[in-house]
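Below: one structure, written as structure tokens.
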Amino acid sequence: AGLPVLYGDASHPVVLEAAGIERARAVLVTVPAFTDVRGIVANVQRLRPQLPVAISLAGATAWRVVLFAIAACLGAALVSGLAPALPETLPGMRVAARYVAAGDGVEVGGDFYDLVDCGDRRWLLVVGDVCGRGPGAAALNAQARFSARALARTGSDVGRVAAGLNRNVVADAEEDRFCTAVIGTLVRDETGVSAELVAAGHPAPVVVRPNGNLAECDGNDAALGVLADATFAPTPVHLAPGDGLVVVTDGVLAARSPGG
């Protein structure tokens, strides 16, 4: 029942000798991740052939914690760039968005949204979901968002924006990678907001009336990146004063409360 002795590097015999290994009853070695412990054990047994040696994985656990924290920070940085801050108000409209990543936040998901001023009281709305997670999903996420911006600013209608975005995804996405999205234009007029919406393989938008009634928007076209020659037919929707337009990704539909 002697006193424990701590030493810094068990890979060098001189350190073991300085630590008083000749008087030790056992050796516990804590190693970082990816360490080859064979040399450490050989050094100990060369000095004390019958001395029990235990290898602790606490160091490996600590390294995993550090790597996890780094990955989580990188994931948060990517998400902040892919989920932009939106204006709280537009002419005649109020805007709100919420982005909550599922899981532990380490892997970047494929959900994204954007609201782009196209001029002349016209705004582009995009809410999308790239299949999968990780760097590939993040890359297609960014490509889809910025491609939609560029296409909308050419003055194209929402059907052509969706078709152009689809061609880009088909051409550039990894094999078996696709994207669903709601793409729409919002135009303020004298009676409210006129919208044209395309749901490309995505959960349909829902209009919430002031009395609480819900109206699901009609129409659902192919997901982006599935069919190279897909066409997209916009659905006209009129939002009267007091109406709300709700667009979500499938993660909201699949979410459950703690009680199930």
Side-chain angles (χ1 to χ4, degrees), residues 82-101 109-130 141 144-166 179-224 230-257:
L82 297 173
L86 300 181
E88 294 184 1
T89 60
L90 303 178
M93 294 178 277
R94 289 185 297 174
V95 180
R98 188 172 185 189
Y99 189 108
V100 179
D111 294 3
F112 64 95
Y113 64 84
D114 208 353
L115 187 63
V116 185
D117 185 357
C118 299
D120 196 25
R121 299 188 300 176
R122 181 173 175 267
W123 292 77
L124 173 75
L125 168 69
V126 183
V127 176
D129 184 3
V130 175
N141 181 323
R145 178 182 159 207
F146 290 110
S147 293
R149 281 191 166 209
L151 291 164
R153 285 171 173 161
T154 64
S156 299
D157 63 45
V158 67
R160 291 183 178 178
V161 170
L165 183 53
N166 178 67
C179 172
T180 71
V182 167
I183 308 167
T185 53
L186 308 173
V187 179
R188 181 78 171 95
D189 58 29
E190 293 75 11
T191 60
V193 174
S194 294
E196 287 193 327
L197 304 173
V198 166
H202 200 85
V206 175
V207 176
V208 182
R209 305 298 183 188
N211 61 4
N213 289 341
L214 305 178
E216 187 174 282
C217 300
D218 296 329
N220 200 324
D221 294 302
L224 305 174
T231 58
F232 301 87
T235 298
V237 176
H238 184 265
L239 301 175
D243 287 346
L245 178 66
V246 179
V247 185
V248 301
T249 59
D250 60 3
V252 173
L253 305 181
R256 295 291 182 268
S257 67

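Values reported hereafter were calculated over all heavy atoms of this structure, with side chains retained and with hydrogens, waters and symmetry mates removed.
- Annotation: the span from Asp250 atom CG to Asp129 atom CG amounts to 5.0 Å, rounded to 0.5 Å.
- When side chains are defined from C-beta on, Arg145 does not count as touching Val126, because their heavy atoms never get closer than 4.5 Å.
- For the atom pair OG1 of Thr180 and CG of Asp221, the computed distance is 12.5 Å after rounding to the nearest 0.5 Å.
- Pro205 and Val247 get closest at one heavy-atom pair: CB-CG2, 4.0 Å.
- The distance from atom CD1 of Ile183 to atom CG of Leu125, rounded to the nearest 0.5 Å, is 9.5 Å.
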Problem set entry | Verdict with reasoning, Trp123 to Val116, per side-chain contact (heavy atoms from CB on, under 4.5 Å) | CA-CA 5 Å; Trp123 292 77; Val116 185; 5.8 Å; no
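- His238 is listed as a side-chain neighbour of Asp189, based on a closest heavy-atom distance under 4.5 Å.
- Between Leu224 and Ala162 the shortest heavy-atom distance is CD2-O, 3.8 Å.
- Residue Cys118 forms a side chain to side chain contact (heavy atoms under 4.5 Å, CB included) with just one option from Leu186, Leu124, Val161, Thr154, and that option is Leu124.
- Annotation: side chain of Leu197 is not in contact with side chain of Val158 (no heavy-atom distance under 4.5 Å).
- Using a 4.5 Å heavy-atom threshold, the side chains of Thr185 and Asp157 count as separate.
- Across all non-hydrogen atoms, the minimal contact from Leu239 to Gly244 is CD2-O, 4.5 Å.
- Under the side chain to side chain contact (heavy atoms under 4.5 Å, CB included) test applied with Phe112, the options Val127, Val130, Thr249 reduce to a single match, Val130.
- A side-chain donor-acceptor contact under 3.5 Å links His202 to the backbone of Val248.
- A distance of 15.5 Å separates CG of Asn166 from CZ of Arg160, quoted to the nearest 0.5 Å.
- More than 12 non-hydrogen atoms from other residues, nucleotides or ligands lie less than 6.0 angstrom from CZ of Arg188.
- Contact record, Ala199 with Asn220: O-OD1, 3.0 Å, taken as the closest heavy-atom pair.
- Pairing each heavy atom of Arg122 with each of Val187, the nearest pair is CG-CG2, 4.0 Å.
- Taking every heavy atom of both residues into account, Ala230 and Ala163 meet most closely at O-CB, 4.5 Å.
- Leu245 places none of its side-chain heavy atoms less than 4.5 Å from the side chain of Val193.
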